[in-house]
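Below is one structure; the comments refer to it alone.
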Amino acid sequence: MYVVLAVIIIIMGILLSREINKKKAVQAKYEEQDRLLTRYLADNLDMEKRLADIRHDYDKQQEMADEIRRIQQQIGLLKHDMKNHTLVILSYLEENKTEEARKYAGEILDKLNRMYTYVNVGNSLLSYIINSKLSMAKELGIEIKAEIENLPFSYMDSVDFSALLNNMLDNAVNGALKSKGRKLEVTIVSEKGFDVITVKNSIDGSVLKDNPNLSSSKDEPGHGYGVKQMKAVTEKYEGDIDIYEKDGMFIVSVMLG
């Protein structure tokens, strides 16, 4: 009887062991499927991000092409009119109407100054942002100084680079518009192995004294608009951002690379 009982126990042990192994195999199968599904979803999310970046770059390329065509059209129209403008000035001079000639020539120069010449620095995204923002600033009557080097910024995602530079320029344009001087200076150069973006705008009084936290609302954007985003992008690429005031100018300088 004891032998029979022992055999039954052994058989039950074998069956239980098989059941456990079977459950382990099923669990392992589910875990493998879950791992493959997670990997598949991650790969698809990465592909979606890449596709979004490609679409973003394509849209910027199209916008840049439109901007180039607009500026070229302006230049073409101006060249077409230059002959007529010259004849008008000569006719004034022949009639000794020097004041009228001077005034007419001044109007032509003002029109030329309001036109922003297209800048191509090799980096299509940088070229687009610079030209669109500075062209807008010029049309708003802001005096512009710019020094732009051909820097690739290849280590940055296009979305991050666009967010950083657009926010810097938007803030500066808004700040310049609020000042009497209406001046804007942009410098993008390589210094000691670093890429340095510096944007300055004229101010009538200390912005940092009146608003040290650079807070801003969407209804009335100011220097604080997008500052968190600029800082976040700068930190992401282990760079430094410096915000200060000097000689009647509000200055934001970002060092990357």
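Computed from heavy atoms alone, side chains included, the values below leave out hydrogens, waters and symmetry copies. What you see is a predicted model, and the numbers here were worked out from it, not measured in a lab.
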Inset, instruction - First locate atom CG of D195, then atom CE of M156, and finally report the distance between them rounded to the nearest 0.5 Å. - result: 9.5 Å
Inset, instruction - Tell me, with the steps shown, if F161 and L126 meet side chain to side chain contact (heavy atoms under 4.5 Å, CB included). - result: CA-CA 9 Å; F161 179 76; L126 173 58; 3.8 Å; yes
Inset, instruction - Look at the side chain of S179 and the backbone N and O of A176, then say whether any donor-acceptor pair between them is shorter than 3.5 Å. - result: yes
Inset, instruction - Would you check if the side chain of S132 reaches a backbone N or O of Y128 as a donor-acceptor pair within less than 3.5 Å? - result: yes
Legend entry - salt bridge (charged side-chain N to carboxylate O under 4.0 Å, His left out) contacts touching residues 247-257 (sequence neighbours left out): none
Legend entry - Whether N167 side chain and A163 backbone form a donor-acceptor pair below 3.5 Å: yes
Legend entry - Whether over 12 other heavy atoms sit under 6.0 Å from E95 CD: yes
Inset, instruction - Please lay out, stage by stage, how V199 and F250 fare under the test side chain to side chain contact (heavy atoms under 4.5 Å, CB included). - result: CA-CA 8 Å; V199 180; F250 185 92; over 6 Å; no
Inset, instruction - Please check if the side chain of E245 supplies one atom and the backbone of I251 the other of a donor-acceptor pair under 3.5 Å. - result: no
Inset, instruction - Applying side chain to side chain contact (heavy atoms under 4.5 Å, CB included), run through D160 and K236 and close with a yes or a no. - result: CA-CA 9 Å; D160 292 334; K236 178 179 178 179; 2.7 Å; yes
Legend entry - Under-4.0 Å salt bridge between E99 and R102: yes
Inset, instruction - Hey, could you give me the OH/OG1 distance between Y92 and T98, rounded to the nearest 0.5 Å? - result: 12.0 Å
Legend entry - Close side-chain approach of N166 to K133, heavy-atom, < 4.5 Å: yes
Legend entry - N131 and S127: side chain donor to acceptor below 3.5 Å: no
Legend entry - Any side-chain heavy-atom pair of V189 and E147 under 4.5 Å: yes
Inset, instruction - Only pairs at least two apart or in different chains count here, so list each side chain to side chain donor-acceptor pair (under 3.5 Å) that has a residue in residues 182-191. - result: none
Inset, instruction - Verify side chain to side chain contact (heavy atoms under 4.5 Å, CB included) between V252 and N171, making sure each step is shown before the conclusion. - result: CA-CA 10 Å; V252 178; N171 283 357; over 6 Å; no
Legend entry - Short N-O contact, D204 and K178, less than 4.0 angstrom: no
Inset, instruction - Taking the side chain as every heavy atom from C-beta outward, state whether N201 and L177 have any pair of such atoms under 4.5 Å apart. - result: no
Inset, instruction - Report the distance from atom CE of M230 to atom CG of L164, rounding to the nearest 0.5 Å. - result: 7.5 Å
Inset, instruction - Look only at the side chain of S91 and the backbone of V88, and say whether a donor-acceptor pair between them is shorter than 3.5 Å. - result: yes
Legend entry - All side-chain hydrogen bond (donor to acceptor under 3.5 Å, both in side chains) counterparts of S253, not counting sequence neighbours: T198
